[in-house]
Structure formats: structure tokens, C-alpha cells
Protein chains: 2
Amino acid sequence: MLRLTKKADYGLMALKYLAEQAGPVPAAEPDAHVSLAQSAKDIAEAYHIPPQLLAKILQTLAKAGILVSHAGTNGGYALARPASQITAFEVIRAIDGPLFITSCITIHGACDLTSHCTIKEPLRKVNDSIKDLLSGIRISDLIETSESRPGTETAVGGGLISIAL
Amino acid sequence: MLRLTKKADYGLMALKYLAEQAGPVPAAEPDAHVSLAQSAKDIAEAYHIPPQLLAKILQTLAKAGILVSHAGTNGGYALARPASQITAFEVIRAIDGPLFITSCITIHGACDLTSHCTIKEPLRKVNDSIKDLLSGIRISDLIETSESRPGTETAVGGGLISIAL
DNA sequence: CTCAATCCCGACCGTTAAGGTCTGGATTGT
DNA sequence: ACAATCCAGACCTTAACGGTCGGGATTGAG
């Protein structure tokens with residue numbers, strides 16, 4: 001439950017990969033274009049994920065304006081913006097669709113049980129909080145975080161959270 | 001995506017209902033027993049949800065120690081603890097099972113793609129944050145929150161969130 | 001100009017889990 | 001003894017997820 005789809009996972013991985021390929025920003029030209037084009041096939045191989053599936057995911061991200069694509073030999077995908085300007089939220093939303101923690105919260109705000117579903121409001125706030133949470137994470141945050149010595153069980157608990165109900 | 005199951009929804013509603021039935025704490029006896037017994041059938045009717053399904057949910061919650069049950073005529077379910085000591089997190093966990101935002105994070109911490117899944121750590125923190133978020137919500141927070149004049153579109157944005165990556 | 005490497009798109013399919021039902025049995029108050 | 005309730009498990013249906021396939025449209029390279 002409350003699970004991200006694998007597609008979203010794959011999408012985030014791919015974006016991270018593209019951000020890394022761009023290099024740690026050559027310092028010289030900060031506006032040099034955001035990342036080199038990589039083919040779907042290459043990225044899929046790098047992470048051992050089904051190429052055809054990843055292809056579709058990348059297409060989706062391109063349609064959403066997160067990636068730019070280029071057909072032809074040596075074509076591929078590149079970030080449409082710097083990695084620091086792409087949030088996990090928009091990626092997930094682009095791939096998995098709108099984010100609703102509960103079936104009560106639909107696009108129109110109404111729920112099938114409209115009147116009797118007394119729990120809607122509080123959950124809606126949780127929903128928004130999660131949204132804010134994911135909006136605060138950028139692709140650039142994903143790279144270089146992987147430096148956790150294996151075995152050291154990386155104390156994770158640091159999530160400082162405050163929610164106002 | 002990232003959706004709570006309906007079962008969890010129903011469970012929360014039922015708990016809220018039980019908490020309300022207990023009354024706004026008679027002020028006199030704060031330790032008077034937490035709530036009156038209500039049959040699964042009654043609760044189901046109150047919210048128009050399938051009785052047999054709710055029955056199973058309540059059984060699950062009873063097994064988890066969140067509710068106490070009593071068979072026989074005028075039997076039913078009651079909160080095992082005061083509503084202020086039951087968190088949304090434990091309810092959801094009891095009903096939907098362990099909370100993993102991504103398929104990468106399993107019970108053993110490992111993921112199928114173990115080595116190449118480079119995104120695990122950051123998402124794990126998101127996971128923990130959501131857990132903390134839900135742990136901060138108690139059943140008692142759910143009641144009386146529903147006072148939002150319909151039509152006033154209740155500005156929701158107040159979720160104060162800070163996450164430390 | 002042709003060819004190969006790409007991206008693009010829609011159809012298809014198997015598996016799984018969610019949501020819900022049914023049936024039979026075990027408690028317990030009246 | 002009986003009716004109301006909880007308990008437990010098998011069962012079914014549907015939809016979404018994860019993945020595959022095949023055909024078509026770009027575009028750079030030789």
C-alpha cells in the first residue's frame with residue numbers, strides 16, 4: 001500500500017542517470033546545455049530494466065516537458081531543465097497521474113460517499129503534506145546521496161516533519 | 001497512485017465513529033471506559049459501506065489490539081485505548097500491511113536490483129517522513145475537524161513540512 | 001539517397017492485488 | 001435454547017500494473 005509504481009521508480013532512476021551524465025557542471029559553462037542525449041536503450045542497460053518499458057516511460061516524461069527527445073542516430077533524451085529544477089513530485093505525477101492518497105479525494109474534490117465520508121478533510125491535508133514533501137525533492141538531490149557505507153545501517157530517522165492539522 | 005486502500009479508509013472511519021460514540025469525554029470520569037460497543041452492522045449502516053467487508057476490517061483491527069471485541073447479543077467493538085492514543089499510522093499498517101513507498105524497500109531492506117537501484121536511500125527517507133507524518137495523526141484528531149462550511153473551499157495549504165535530506 | 005539508429009504510439013497480454021461475497025462455525029447474553 | 005454477534009477461511013470479479021510486440025515516423029551518417 002501507499003506504494004510508488006515501478007514506473008515512477010524507473011523514471012526517477014533514469015532522470016538521475018541523465019543528471020549524472022551531464023557531469024558535475026563543468027563550472028566553466030553553467031548554462032551549457034543541461035545534459036547529453038542518452039538513448040533509452042543505454043539507460044535501460046545501465047540499470048537492467050526492461051528497455052521497452054523504460055522507453056515508454058521516457059516518452060511520457062518527454063510529453064510532460066521534463067525531457068527533450070531527439071530522434072535519429074545518436075539521438076536520445078536529455079533533461080529539459082537543470083536537475084535542480086525538476087522535482088520528484090512532477091516526475092511521479094507525470095508518470096503515475098494525479099496524487100490522491102485516498103479514493104475520497106477525486107479530481108473534483110467530491111467522493112462517492114460525499115456526505116458520509118467524514119474523514120475527507122484530515123486526509124486531504126495529509127495528501128497535501130505528502131505532495132509538499134515530494135515537491136521539496138529535486139533530481140539534483142538524488143545524486144551523490146548514495147554514499148552510505150554498506151553495513152553501517154545509515155541512521156535514517158532524520159526526517160524533520162511538522163504537520164499542522 | 002500512492003493511494004490508501006479503501007479498507008484503510010473504512011477502518012479510519014469506523015474508528016472515528018467509535019470515538020464519537022464514546023462522547024466528548026464526560027469530563028467527570030476521564031478513565032471511564034473508552035467507548036461503547038457497536039456492532040459491525042451498525043457502523044456499516046451508518047456509513048453505507050458493505051457490512052461483511054467492514055466486519056473483516058474490524059476483525060483485523062481487533063487482532064492488532066486497536067479494538068476489543070465482544071461476541072453475543074449487544075456485543076460489538078470498542079476502542080481498546082483512548083482515541084488520542086491511536087495513530088493513523090498503526091491503523092493503516094494493521095490493515096494494509098507494512099508501509100513501503102517503493103518496491104525497492106522491502107522488509108529486508110534489499111531490493112531486487114540491489115546494487116543498481118541508486119535511488120533507494122533518498123526514497124527511504126521520504127518513506128520515513130510519510131510514516132512520521134501519519135504517526136502524528138491520532139483518531140482524536142479526526143473528529144470535529146469536519147467543521148468546514150461547505151462552499152468555503154477551506155484553504156488547505158497549511159501543511160508545514162520540512163524534510164532533511 | 002539510402003540506411004540504420006532512434007523516437008513514437010497504440011494494441012495486447014499475464015499476474016496480482018483490491019474489493020467484495022458466501023458459508024460455516026464459535027461465543028455469549030437473554 | 002435461541003438469536004445476535006464475532007471469527008475464519010474459501011471464493012469470485014475486476015482493474016491496474018508490469019511488460020511485450022509490431023508498425024510507423026524522424027533524422028543523422030555514409
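- Checking D/dC6, D/dG18, C/dC7 against the side-chain heavy atoms of A/T5 singles out D/dG18 as nearest.
- Taking every side-chain heavy atom of A/A71 into account, C/dC7 is the closest of D/dA29, C/dC7, D/dC6.
- For the pair A/K41 and B/A8, both in contact range of DNA chain C, the more 5′-proximal nearest nucleotide belongs to A/K41.
- Using a 4.0 Å heavy-atom distance criterion, A/A55 is classed as making no nucleic acid contact.
- Side-chain atoms of A/L133 and A/I137, non-hydrogen and from C-beta on, never get closer than 4.5 Å to each other.
- B/Y17 places none of its side-chain heavy atoms less than 4.5 Å from the side chain of B/M13.
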Tabulate atom names and distances for all N/O pairs under 3.5 angstrom spanning the protein and nucleotides 9-11 of chain C.
unit_1, atom_1, unit_2, atom_2, d
C/dA11, N6, A/K56, NZ, 3.2

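- Atom P of nucleotide D/dA8 and atom CD1 of B/I57 are separated by 15 Å, given to the nearest angstrom.
- Closest to the side chain of A/N74, from the set D/dA29, D/dC21, C/dG19, is D/dA29.
- Smallest separation of non-hydrogen atoms from A/A80 and A/G65: CB-O, 3.4 Å.
- Of the candidates D/dG18, D/dC6, D/dC21, the closest approach to any side-chain atom of B/Y77 belongs to D/dC6.
- When distances run from any side-chain atom of A/S39 to the nucleotides C/dA18, C/dC7, C/dA5, the shortest one goes to C/dC7.
- Distance A/L67 CG to C/dC7 P: 11 Å, rounded to the nearest Å.
- Of the listed nucleotides (D/dT27, C/dT23, D/dC7), D/dT27 has the atom at the smallest distance from the side chain of A/H70.
- Summarising the geometry, the separation between CG on A/L58 and P on C/dC8 is reported as 9 Å, rounded to the nearest angstrom.
- For A/T73, whose side chain is taken as the heavy atoms from C-beta onward, the closest listed nucleotide among D/dG19, C/dC8, C/dA4 is C/dA4.
- Per the geometry, CG belonging to A/L54 stands 14 Å off P belonging to C/dT6, to the nearest Å.
- Taking atom CG of residue B/L4 and atom C1' of nucleotide C/dA18, one finds them 13 Å apart after rounding to whole Å.
- In this structure, CG of A/D42 is placed 12 Å from P of C/dA5, rounded to the nearest angstrom.
- In terms of heavy atoms, B/T60 sits closest to B/A94 at CG2-O, 3.5 Å.
- With a 4.5 Å cut-off on side-chain heavy atoms, B/I139 and B/L18 do not count as touching.
- Of all nucleotides listed (C/dG19, C/dT30, D/dC6), C/dG19 comes nearest to the side chain of B/L53.
- From A/I43, atom CD1 reaches atom CD of A/Q21 across 8.5 Å, with rounding to the nearest 0.5 Å.
- Annotation for B/E90 and B/Q85: closest pair OE2-O, 3.6 Å, computed over non-hydrogen atoms.
- The minimum heavy-atom distance linking A/L134 with A/T87 is given by the pair O-CB, 4.2 Å.
- End-to-end axis angle for the helix from C/dC1-D/dG30 to C/dT30-D/dA1, using five pairs per end and rounding to 10°, comes out at 10°.
- Counting heavy atoms from C-beta on, the side chains of B/L15 and B/L142 never come closer than 4.5 Å.
- Smallest separation of non-hydrogen atoms from A/I86 and A/R81: CD1-O, 3.9 Å.
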